[in-house]
Amino acid sequence: MDLTGQHILSSDQFDLETLDALYDTADLLVSVAKGRQLIRILEGAVLASLFFEPSTRTRLSFDAAFMRLGGAVSHTTGVVFSSIMKGASIADTARVISGYADVMVIRHEDENAIVESAQASLVPVINGGNGAGEHPTQALLDLYTIRSEFQCLGREINGSRVALVGDLKYGRTIHSLIKLLSLHQNLTIVCVSPPHLTCPQVYLDLAAKAGHRIEICADLCTGIAGCDLLYATRIQAERAGEDVLNLAGSGDFRITKAKLNAYCLPHCVVMHPLPRDSRLGAQDLAEDTKADPRLAIFRQSDSGVPVRMALFAHVLGIAKKIAPSLKNSVWSSK
Ligand code: ASP
C-alpha cells in the first residue's frame with residue numbers, strides 16, 4: 001500500500017508488503033539516525049508536534065527523525081499552554097495547525113481525538129498515542145526490533161510463542177502490536193496479566209480470527225515459561241484508576257533477573273515500550289535484569305528514530321529519493 005498522503009491512525013492500516021517497504025527504508029536510514037550519514041531531503045518542511053499527554057521517547061524520537069531528515073519541528077505540549085484551555089475543540093486546533101505545517105503528530109488522552117483531528121486536517125496526521133486506544137508507531141518500531149532480534153538469533157517469527165505481560169487493558173502499545181503480530185502465522189499469544197487488566201476482547205478476536213492461539217494467564221511465571229518473545233508493559237496508573245487500586249492481591253507481576261533465568265529460554269527476546277516503572281516494588285520489568293543479553297529494550301528504543309524517519313519518508317512520498325541523497329557526515333557522536 002502506498003502511504004503517501006495517508007493519515008497514520010491505527011496499525012491495522014499496514015500489511016506485510018507495506019511493512020517490508022517501510023523497514024527497507026528504515027534500514028537505509030539507520031546510519032542517518034546515528035549521525036554517520038546526512039540527508040536534507042525535508043529541508044523547508046515543518047512537523048507540528050502536539051503532545052497533549054506526557055511523552056519523552058515518542059516526542060523526542062519523532063523530533064529527531066524529522067530534524068535528521070532536514071525538517072524543522074514546531075511544538076505544543078500539555079493542554080495548559082494550548083488554546084484547548086480556552087475551549088478550542090481538537091478539530092479546530094488540528095485545522096488551524098495544519099495550515100502551518102506539512103505533517104502533524106498528535107498524542108491525546110481521548111481515544112477519538114486523533115480521528116477527529118485527521119478529519120479536520122489539511123495535512124497527514126500521525127497517531128502518537130490515543131488514550132488507551134492505540135500507539136501504531138510504537139508497534140512499527142517494536143516489530144522492526146522483533147524482526148532484527150529474531151534474525152540475529154536465526155529464528156522465525158512465524159510459529160513463535162509470545163508472552164504479553166502487564167497492563168493489557170489500558171496498554172495501547174499492546175493493542176497496536178497485536179494487530180501487527182497477527183499478520184504473521186501460527187503464533188501462540190499468551191496474555192499474562194491480573195484478571196482485571198486483561199486484553200480487550202476485540203484484539204483477542206482479531207488475533208484468533210487470523211489463526212493464532214490465544215492463552216490467558218494470571219500467573220507470571222506460568223505465562224512467561226518457554227516464550228520466544230516476552231513483551232512487558234507498565235501498569236498504566238494514569239488511566240487505570242480503580243483497576244490499579246485493585247492490584248493488591250492479584251499476584252506478583254514483577255519480572256526479575258531470577259524469574260528470567262528460571263523461566264525464559266536462552267534465546268528469548270525481552271522487550272518493553274518504556275518507560276518502565278523502576279520504583280521500589282513496582283509490578284514491572286525490574287532493573288536487576290539490565291545485564292541480561294536477552295534484554296532488547298534499548299535496541300528497541302533506538303529503533304524509534306529510523307522507523308519514524310521511514311514513516312515520514314513514506315507519508316511525504318520521498319522514500320525513493322533517499323538513497324541518492326545520502327552524504328557522509330564529517331562528524332559522528334556514535
Ligand atoms: N510510552 C508508551 C505509551 O505512551 C508506553 C507507556 O507509557 O507505558 O503508551
Side-chain angles (χ1 to χ4, degrees), residues 8-12 49-65 75-79 104-114 117 125-146 162-181 191-194 197-200 203 229-241 243-244 247 253-255 270-279 282-287 289 295-305 307-308 311:
I8 306 298
L9 305 176
S10 160
S11 56
D12 57 22
S49 164
L50 281 61
F51 277 77
F52 297 111
E53 268 195 329
S55 175
T56 306
R57 272 150 296 276
T58 305
R59 186 166 63 85
L60 294 190
S61 67
F62 266 120
D63 292 2
H75 281 114
T76 182
T77 48
V79 282
M104 266 194 279
V105 178
I106 308 182
R107 170 173 288 189
H108 202 286
E109 64 173 5
D110 178 348
E111 283 188 35
N112 300 317
I114 315 290
S117 303
V125 169
I126 299 177
N127 181 358
N130 60 321
E134 278 209 51
H135 195 343
T137 65
Q138 177 71 44
L140 290 175
L141 76 91
D142 289 344
L143 184 60
Y144 182 78
T145 309
I146 295 167
V162 177
L164 304 174
V165 181
D167 183 348
L168 311 184
K169 180 174 178 185
Y170 298 101
R172 57 192 171 200
T173 67
I174 291 287
H175 305 160
S176 287
L177 183 59
I178 287 182
K179 291 183 173 181
L180 293 192
L181 287 173
C191 293
V192 189
S193 72
L197 292 178
T198 197
C199 188
Y203 302 106
L229 170 67
L230 190 171
Y231 188 100
T233 61
R234 175 180 70 89
I235 304 294
Q236 308 279 300
E238 69 276 34
R239 277 181 241 297
D243 285 340
V244 168
L247 206 59
F253 283 85
R254 188 166 162 79
I255 304 167
V270 180
M271 294 176 56
H272 192 300
L274 301 178
R276 58 176 155 166
D277 189 343
S278 301
R279 288 169 293 195
Q283 301 291 299
D284 207 332
L285 181 64
E287 296 250 347
T289 57
L295 203 68
I297 60 176
F298 297 118
R299 296 190 286 279
Q300 182 184 1
S301 60
D302 287 347
S303 301
V305 177
V307 170
R308 291 185 167 116
L311 189 64

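First listed ligand is number 1; within each ligand, the first listed atom is number 1.
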So does Ser301 get a backbone contact from the side chain of Arg57, meaning a donor-acceptor N/O pair under 3.5 Å?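 The answer is no, because no donor-acceptor pair under 3.5 Å joins these two groups.
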
Under the 3.5 angstrom rule, does the side chain of Thr198 hit a backbone N or O of Pro194 as a donor-acceptor pair? no

Where ligand 1 meets [X] - atom numbers and elements under 4.0 angstrom, heavy-atom basis:
{"X": "Pro275", "result": "1 (N), 6 (C), 7 (O)"}
{"X": "His135", "result": "3 (C), 4 (O), 9 (O)"}
{"X": "Arg107", "result": "4 (O)"}

Just to confirm my output: which protein heavy-atom neighbour is closest to atom 4 (O) of ligand 1, and how far is it?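 Checking every protein heavy atom, the shortest distance to atom 4 (O) of ligand 1 gives Arg172 NH2, 2.8 Å.
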
Got the closest protein heavy atom to atom 2 (C) of ligand 1, with its distance? Leu274 O, 3.7 Å

Taking 4.0 angstrom as the limit, do [X] and [Y] come out as a salt bridge?
{"X": "Glu53", "Y": "Arg239", "result": "yes"}
{"X": "Asp277", "Y": "Arg234", "result": "no"}
{"X": "Arg172", "Y": "Glu111", "result": "no"}

Does ligand 1 come near enough to [X] that some N or O of the ligand is less than 3.5 Å from an N or O of the residue?
{"X": "Arg234", "answer": "yes"}
{"X": "Glu238", "answer": "no"}
{"X": "Pro273", "answer": "no"}

Testing the basics here: between Ser176 and Glu134, what is the closest heavy-atom pair and its distance to 0.1 Å?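 Minimum heavy-atom contact is OG-OE1, 2.6 Å.
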
Take Asn130 and His135 through the side-chain hydrogen bond (donor to acceptor under 3.5 Å, both in side chains) test and state the conclusion after the steps. CA-CA 7 Å; Asn130 60 321; His135 195 343; over 6 Å; no

For ligand 1, the portion of Thr173 having any non-hydrogen atom under 4.0 Å away: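 Just the side chain.
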
Any Arg57 heavy atom less than 4.0 Å from ligand 1: no

For ligand 1, is there an atom lying under 4.0 Å from some heavy atom of Asp167?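 In this structure, Asp167 fails to qualify as a contact of ligand 1 - no heavy atom is under 4.0 Å.
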
With sequence neighbours left out, what residues match His175 under ring-ring contact (aromatic ring centres under 6.0 Å, His included)?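 With neighbours one apart ignored, the set is Tyr203.
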
